[in-house]
Asker: 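I have a structure here, written as structure tokens, and I will follow up with some questions on it.
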Amino acid sequence: MDFLFSDEQDMLFQSADRFGQERFACLGRAELLSDPEQAELGRLWHDMAELGWLMLTIDEAAGGIGAGSGEVMALMQAMGKHLIPSAYVATCILVPALLKGDEDAAQTVLAKIGDGSAKASGAFFEADSGYHLHHVQLEAVRKGDTYVLNGQKCHVEDGADADWFVVSARTSGASSERLGISLFLVPKDAPGLEVEKFRAIDGHRHAKLHLREVTNAVLIGEQDNAIANIESAVALANCAHLAEASGSMRAAADLTLEYLKTREQFGQPIGKFQVLQHRMVDMMMGCEEAESMVFDAAQLADRAEPIDPLAVCAAKVRVGQCGLYVTQQAVQLHGGIGFSDEIIVSHHLRRQMMLNLAYGSIDHYRSVYAEGQ
Amino acid sequence: MDFLFSDEQDMLFQSADRFGQERFACLGRAELLSDPEQAELGRLWHDMAELGWLMLTIDEAAGGIGAGSGEVMALMQAMGKHLIPSAYVATCILVPALLKGDEDAAQTVLAKIGDGSAKASGAFFEADSGYHLHHVQLEAVRKGDTYVLNGQKCHVEDGADADWFVVSARTSGASSERLGISLFLVPKDAPGLEVEKFRAIDGHRHAKLHLREVTNAVLIGEQDNAIANIESAVALANCAHLAEASGSMRAAADLTLEYLKTREQFGQPIGKFQVLQHRMVDMMMGCEEAESMVFDAAQLADRAEPIDPLAVCAAKVRVGQCGLYVTQQAVQLHGGIGFSDEIIVSHHLRRQMMLNLAYGSIDHYRSVYAEGQ
Amino acid sequence: MASDLTTANPNPDFKEEVREFFSEGIPENWRTRLRAGLRLEPDELIAYQKKLAARGWGAPTWPKEYGGTGWGPQQLYTFWREAANAYAPNQFHQGLELIGPIIFSYGSDEQKKKFLPPILNGDHWWCQGYSEPGAGSDLASLRTRADRDGDFYVLNGQKTWTSYAHVATHVFVLARTSTEAKRQQGISLFLIDMTSPGLSIRPIRTMDEKHHTNELFIDNVRVPAENLVGEEGRGWEYGKVLLDRERMVTASTAIFLQQTVAAVRDAASRRKIGSSLLIDRPVFASKLAQFEIEVRALQIMVRRLMADAARGAQSGPRGSMVKLRWSQLLQAGTALWVEALGPEASHFRALTGSPLDEDMPYALQGALYSRVTSIYGGTSEIQHNIIARRALGL
Amino acid sequence: MASDLTTANPNPDFKEEVREFFSEGIPENWRTRLRAGLRLEPDELIAYQKKLAARGWGAPTWPKEYGGTGWGPQQLYTFWREAANAYAPNQFHQGLELIGPIIFSYGSDEQKKKFLPPILNGDHWWCQGYSEPGAGSDLASLRTRADRDGDFYVLNGQKTWTSYAHVATHVFVLARTSTEAKRQQGISLFLIDMTSPGLSIRPIRTMDEKHHTNELFIDNVRVPAENLVGEEGRGWEYGKVLLDRERMVTASTAIFLQQTVAAVRDAASRRKIGSSLLIDRPVFASKLAQFEIEVRALQIMVRRLMADAARGAQSGPRGSMVKLRWSQLLQAGTALWVEALGPEASHFRALTGSPLDEDMPYALQGALYSRVTSIYGGTSEIQHNIIARRALGL
């Protein structure tokens, strides 16, 4: 893939693009998102299952498609373009990457994810952890055949509608050691688990978890050795989000370019004003820069070797900066209506702001990059 | 002083402005600066002495004028406007502030500074000190009635033509302790003192000092307790440099505005291009911001209380940023000739770059501010 | 007097008086929203207006004869600094700072008597009917018409971005009384009761999820001719009285930015990452210092602006510059605040009734709201155009 | 083949070959200047050109029939990456990348035979006589005249920003052969020996204190008619052959930016502040990381540009975008380097013969030089205009 989609990837993009166009208009977006029953979003998820998207990254051995990161990029760019708000990345990218083992419980969850009958998310962050995945204080103590889990997770991305949580817990070591972290699969109705639910400004629905003497938890993978697995799964989730971000910022920029050509003020299209022309050029450069990095990250992820964590850090920093810049300026150039709910540009800005928080901020990844370099 | 010069201050500014205009044209600047004899610069210094400027901040008790920081600001803004390259700040602001005691040697030096027959500078920075004034490793050991000094100073601002150096030395304590630092007055021809001389990109002439068993040094002020004196003297030197910076950036901005109105390209004055108009507005805002901070710092310094170090830190950061932005853009908007030696704008940029290094960089002062806040 | 602005403690008595006033009764739950640069709800602003009025401080920028305090710039500066320190709101509403001053400058005696006191005591709440759909920054292109019919004018048209129309008792409207004149002439200014038949509103949803603005439909609304301000066709120029006042409004807004500084500092002092506080981490501390330094610079520019006012001097482009910098810094500050909150900042609304740290929703809302501050009141691009033309002669 | 650009090790043999070539003989004292983004002195570039030519690599971007290597984008990319890693210079000179390609595209057979080989082997050194005083970015307004006189043209006029005219053996000049045509027509291209009577130069002092550019005075210079390139009046359009080549030149320039990254990293690893290294201090490390990340992003954009070239696709505005970002990053990087040097960075020239750390003067010179990279070859503002018009249709 030399900065182009393959034919298959392009077909996937086209199909997701059509899907977004037909099913996800801007008008009525607020109502659709705020529906407590999530009825239309449920139908959307069901249709995505029919299209096979939900099993895209699940290994063929586990009944999935086992597609590469190029396919993920194509799909996510279209999702970003139409701002389809779903738990896709958590459920269909992150969790399948976490559940690489052959535990029965894991296989069951993957099957249900693949056919659309269940959602899942990964629960890592704690009150004082910042975005460090290895700062884990939530405790899992072995008692006979089971583990007893106690502690909190302060934020679970897209976790509000999850049926299962893959929870990082400390089984040994001190609270910031890389060794001693294990993963557990916990159903949402496990006794002792309390799930608080929240909505974000982009319509995504997250959770906070309180675990009090939870015993209904299945160890995933090897005890004490989960950190590498968690980090590489999060890197894949980040790559998917970055593709979404690049699709979203490109859409916002395209809409703005169109607006500059049609909106008239002071007797001419506002695109005749040089200041707005140059701003538009800078926005397009931001899109170009972000897209290039996303292609690069996808290419890296397609290789046999493990993904280069520094490349993902770098992309998180720069794509994030470009996305904020592009969508902030998209709102600015639209003027008052850019600030209103009625056109989509402000929704793109909101999503970019939230994508920057998902699994770690720009500052976090820049400092990881600085330390790793 | 409510963001205006008093009549006296304004007269001083006018007089210095005329002086700069008559004596310091841009053409021939390079030759004048590179003259190894410094002949014309020597005449300039002599005339400044006649105008009384060299004794401006020297206390009346020591035979000077004892003027306040408003006067310094007026004079330095004019110096910045015409980019008069002289050792004025080191000799006439910094050193008089360091030599507040009644030592005979100090009085002698001040008298010679005031009448223009000698120059001086303060020597503080060492190879590993960064811009921290209290990181002092150069050592002074008492032997009978004298002190023996050994060590290096890696950079002495405007020190190449100094007849005396006021040198910080460690008389006790560890290398970063605030206590145990003393000041010594050392003549340039002291046995054991080697003075290496350098020219900067703005024509200023600096020095590096090697002291090997120097005994010809007079203790200034109280032993071990010089740090507060050094820091407040450097704060005053910074204030003077900031006024110079604001005068310089305003001059560069004014020249650019004039150029935008007269230079034609594509059949019209380039000032008709909206992008250049907005850039020019941002440059003027930078000047306004810097000037306001300089007035504020001068007002603070005029009060009886000691100057607020955080206010000076803040001004060093922000005036420095504004000065770089304004003069970089002045060069950019002038295009090719902005890069040439023949018009003055590039000299303003060079001076702003160097002002940002003098007594500490933007990053240094921002971190001091962060720690002090 | 001017120089008082720059000295530490110009008038200790007045300062004490103000401080005492604010020491009681600023509700705790206002604080988080104010720090986010958000405006309070109208009922809160009305309550605050009544409280100020009761103290005789209902209109700090108005002359005494109309019920104002008659304060000069120095007292205003002290008042706003203390208000900001006490986490009081910056009391700006359209009655107080827009139509009030127009009425006391150009209105009839009856209008002054009828409309000014209720603005001060909070009984009337005004909104502004200026912007029209499609007009944007090009205000002079307005199309709402006012046709004379006996003792009335009949108004027809549509306004947009009419903030607080949903709670206002009155609206002041610019409408065209002549189509023959040039674009900016032939426009008149009317004072209209919001209960007038034919007025209706539709809320505009905005990205900060706060209902504060509306479309206003004007359908054969009959307005008594006595509610025309000044002369027919001169409505546009009456607005000019506000230009000179605008720098004070801008100044006060910028003074309140220190509340955002406090918010970021506070959030970063509470958040731990591993074993250290965020505020002690050098990279964050450096960003916060940069923000604080720029706010400090802006506050000094504000003092300079007010020093101009104190000596009756023109300020040239300084008011526009302060407005530009203020919006940039509000955007930077609220973004920094969101950053300081960490992962939980995505918790904007609780879906299961959980308690939500006040910081979370309001910091986000403030960050979203801040984006409109470089759009309203003349976009930053328009401000640049104005400075380039008027102050630089480009 | 295109996809080779993106894989780790497309052609190990070629890579090894290149690496071996560079492993010997890049003088140590070039390193600091190259890292500063500075160009070497002409005698050094000539020596390097001869060395490349001896290896058969004198013209990596030229077709084989004219003595080039005939390399495709993938090999070029490998070559430049290895050159950059080895601290070799980016070999750009006007003969190689500007007039050479015009001659092999439009020149006569005699011109090809006479002028191309000496460019490759470094015997001829060309400079470019395009810009004129007062014309700036508006190149089409040029006024130098060429009047036919028998077998000669007689040229009169003045050029400026003629880089390396003081060492060049030849100059190529645009001059007007007709005043009747429209602005961009009636312009012809001439190849001129620098020893021709009537040519004289005056150095232009620039703020980086490096003598690299000049004014060129053309006073009744007689040029043989056989030195006219192509047809009279079409000189302007011959330049267009360079447009397509330009993206490769831009790409190679940007690849060498990694040398600046290394310079900053190196300086910050050597400088101590108190007991810690500058590179370990979080605030500096964060700024360096930001710079490195942006350079990395640019390198990826370059790979994308070369992937376009590899499949023969248009690149649209990508070349201009890379040029814009490159100049921004060279400016940012050299500024960071100066910052890393600390107080001694003000020691630009020793006045007393003291040794000077190489970093000091060259980092400063690089920082100064970097300012002109957003001016030459079309200012950043012009680049924005071009992208807006051509790529965005604004």
Side-chain angles (χ1 to χ4, degrees), chain B residues 30 36 125 127-132 135 154-155 157 160 175-176 195-202 204-206 208 263-267 270 273 275-276 279 324 328 331-342 346-347 349-350 353-354 356-364 366-367 370, chain D residues 131 133-138 140-141 160-161 204-209 213 271-276 278 281-284 287 331 335 338-339 341-356 360-361 364-365 367-376 379-382 384-385:
Chain B
F125 300 116
D128 296 346
S129 70
Y131 295 103
H132 294 286
H135 284 249
C154 74
H155 174 74
E157 186 77 11
S175 69
S176 308
V195 182
E196 291 184 289
K197 302 181 181 185
F198 304 91
R199 173 175 69 75
I201 55 171
D202 58 355
H204 278 252
R205 295 154 59 89
H206 309 297
K208 183 182 272 199
R263 164 76 168 164
E264 300 211 351
Q265 285 249 282
F266 306 103
I270 59 174
F273 291 102
V275 160
L276 305 191
R279 194 86 51 84
L324 282 180
Q328 285 170 350
V331 168
Q332 179 71 24
L333 266 51
H334 275 83
I337 64 154
F339 188 64
S340 82
D341 240 15
E342 287 166 41
S346 80
H347 298 269
L349 170 55
R350 281 176 266 183
M353 288 168 72
M354 291 298 102
N356 270 325
L357 293 180
Y359 306 113
S361 65
I362 287 170
D363 267 33
H364 170 77
R366 188 171 41 217
S367 79
Chain D
S131 297
S137 298
D138 188 8
S141 69
T160 191
W161 307 118
I204 299 175
R205 300 176 86 116
T206 52
M207 71 165 161
D208 58 351
E209 298 198 20
T213 196
R271 173 131 179 265
K272 265 175 77 181
I273 297 182
S275 54
S276 62
L278 181 61
R281 295 169 74 93
V283 174
F284 189 88
K287 286 166 67 167
Q331 291 171 353
V338 170
E339 192 185 320
L341 295 174
E344 286 173 87
S346 3
H347 301 177
F348 188 64
R349 292 278 181 263
L351 297 170
T352 38
S354 306
L356 209 49
M360 302 296 167
L364 257 294
Q365 202 167 37
L368 291 169
Y369 172 74
S370 75
R371 305 311 312 177
V372 84
T373 62
S374 55
I375 293 172
Y376 69 47
T379 64
S380 292
E381 289 78 12
I382 298 279
H384 275 87
N385 284 346

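Every chain is numbered from 1 and lettered A, B, ... according to where its sequence line falls, protein lines coming before strand lines. In what follows, every heavy atom counts, from backbone to side chain, and hydrogens, waters and symmetry copies are set aside.
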Asker: Only pairs of heavy atoms separated by less than 4.5 Å count here; which of D:Ile204, D:Leu364, D:Asn385, D:Val338 has the most with chain B?
Answerer: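 The residue among D:Ile204, D:Leu364, D:Asn385, D:Val338 with the greatest pair count is D:Leu364.
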
Asker: May I ask you to name which of D:Gln331, D:His384, D:Glu339, D:Arg371 has the most heavy-atom pairs under 4.5 Å with chain B?
Answerer: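 Highest number of heavy-atom pairs under 4.5 Å: D:Arg371.
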
Asker: Contact part of B:Ala358 toward chain D, heavy-atom cut-off under 4.5 Å: side chain, backbone, both or neither?
Answerer: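 For B:Ala358, there is no contact with chain D at all, as no heavy atom is under 4.5 Å.
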
Asker: Any idea how D:Tyr369 and B:Phe339 line up, ring-wise: parallel (<30°), tilted (30 to 60°), or perpendicular (>60°)?
Answerer: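 Perpendicular.
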
Asker: Most heavy-atom pairs under 4.5 angstrom with chain B, which of D:Arg271, D:Lys272, D:Met360?
Answerer: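 Heavy-atom pairs under 4.5 Å are most numerous for D:Lys272.
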
Asker: With a 4.5 angstrom heavy-atom cut-off, could you sort out which part of B:Ser346 is near chain D: side chain, backbone, both or neither?
Answerer: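 The answer is both parts of B:Ser346.
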
Asker: If you look at every heavy atom in B:Gly130 and D:Pro343, which pair is closest and at what distance?
Answerer: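 Closest approach of B:Gly130 to D:Pro343: O-CG, 3.9 Å.
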
Asker: Working to the nearest 0.5 Å, report the span between NE2 of B:His155 and NE2 of D:His347.
Answerer: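 These two atoms lie 5.0 Å from each other.
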
Asker: Which of the residues D:Val372, D:Ile273, D:Thr160 is involved in the greatest number of heavy-atom pairs with chain B at under 4.5 angstrom?
Answerer: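 If we count pairs closer than 4.5 Å to chain B, D:Val372 comes out on top.
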
Asker: Could you tell me which residues satisfy ring pair (Phe, Tyr, Trp, His ring centres under 6.0 Å) with B:Phe125, sequence neighbours excluded, listed by chain and number?
Answerer: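 So B:Phe125 forms a ring pair (Phe, Tyr, Trp, His ring centres under 6.0 Å) with B:Tyr131.
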
Asker: Is it the backbone or the side chain of D:Val283 that comes under 4.5 Å from a heavy atom of chain B, or both, or neither?
Answerer: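 Only the side chain of D:Val283 comes within 4.5 Å of chain B.
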
Asker: Which one wins on heavy-atom pair count under 4.5 Å against chain D: B:Arg350, B:Gln332, B:Gln328, B:Arg279?
Answerer: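 Result: the option with the highest number of such pairs is B:Gln332.
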
Asker: For B:Met354 versus D:Ser346, what's the shortest heavy-atom pair and its separation?
Answerer: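 Heavy-atom minimum between the residues: SD-CB, 3.7 Å.
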
Asker: Rounded to the nearest 0.5 Å, how far does CD1 of B:Ile201 lie from CD of D:Gln365?
Answerer: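 So the CD of D:Gln365 and the CD1 of B:Ile201 are separated by 10.0 Å.
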
Asker: Can you tell me which portion of B:Leu324 sits under 4.5 Å from chain D's heavy atoms? Options are side chain, backbone, both or neither.
Answerer: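 Nothing of B:Leu324, per the 4.5 Å heavy-atom cut-off to chain D.
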
Asker: What are the two closest non-hydrogen atoms of D:Gly342 and B:Leu357, and how far apart are they?
Answerer: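 Looking at all heavy atoms of both residues, the shortest contact is O-CD2, 4.4 Å.
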
Asker: Which atom names give the shortest non-hydrogen contact between D:Thr352 and B:Val195, and what distance separates them?
Answerer: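 Nearest heavy atoms, D:Thr352 then B:Val195: OG1-O, 4.4 Å.
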
Asker: B:Val331, B:Asp363, B:Asn356, B:Val275: which one forms the most heavy-atom pairs within less than 4.5 Å of chain D?
Answerer: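 Highest number of pairs under 4.5 Å: B:Asp363.
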
Asker: If you tally heavy-atom pairs under 4.5 Å against chain D, which of B:His334, B:His204, B:His206 wins?
Answerer: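 Among B:His334, B:His204, B:His206, the one with the most close pairs to chain D is B:His206.
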
Asker: Is D:Leu278 in contact with chain B via its backbone, its side chain, both, or neither, using a 4.5 Å heavy-atom distance?
Answerer: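 D:Leu278 has no heavy atom closer than 4.5 Å to chain B.
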
Asker: CD of B:Gln265 to CD1 of D:Ile382: how many Å apart, nearest 0.5 Å?
Answerer: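 One finds 7.0 Å between CD of B:Gln265 and CD1 of D:Ile382.
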
Asker: Do you know which of B:Lys208, B:Lys197, B:His132 has the most heavy-atom pairs with chain D at a distance under 4.5 angstrom?
Answerer: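 Most pairs with chain D among the choices: B:Lys197.
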
Asker: Of all the heavy-atom pairs spanning B:Glu196 and D:Pro355, show the shortest one and how long it is.
Answerer: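 So the minimum-distance heavy-atom pair works out to OE2-CD, 4.0 Å.
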
Asker: OG1 of D:Thr206 to CG of B:Asp341: how many Å apart, nearest 0.5 Å?
Answerer: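 Spacing of OG1 (D:Thr206) from CG (B:Asp341) equals 7.0 Å.
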
Asker: So, for D:Gly274 and B:His135, which heavy atoms are closest and what is the spacing to 0.1 Å?
Answerer: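 Nearest pair, atom of D:Gly274 first, then B:His135: CA-CE1, 3.5 Å.
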
Asker: Give, as side chain, backbone, both or neither, the part of B:Ile362 having an atom under 4.5 angstrom from any heavy atom of chain D.
Answerer: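 Nothing of B:Ile362, per the 4.5 Å heavy-atom cut-off to chain D.
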
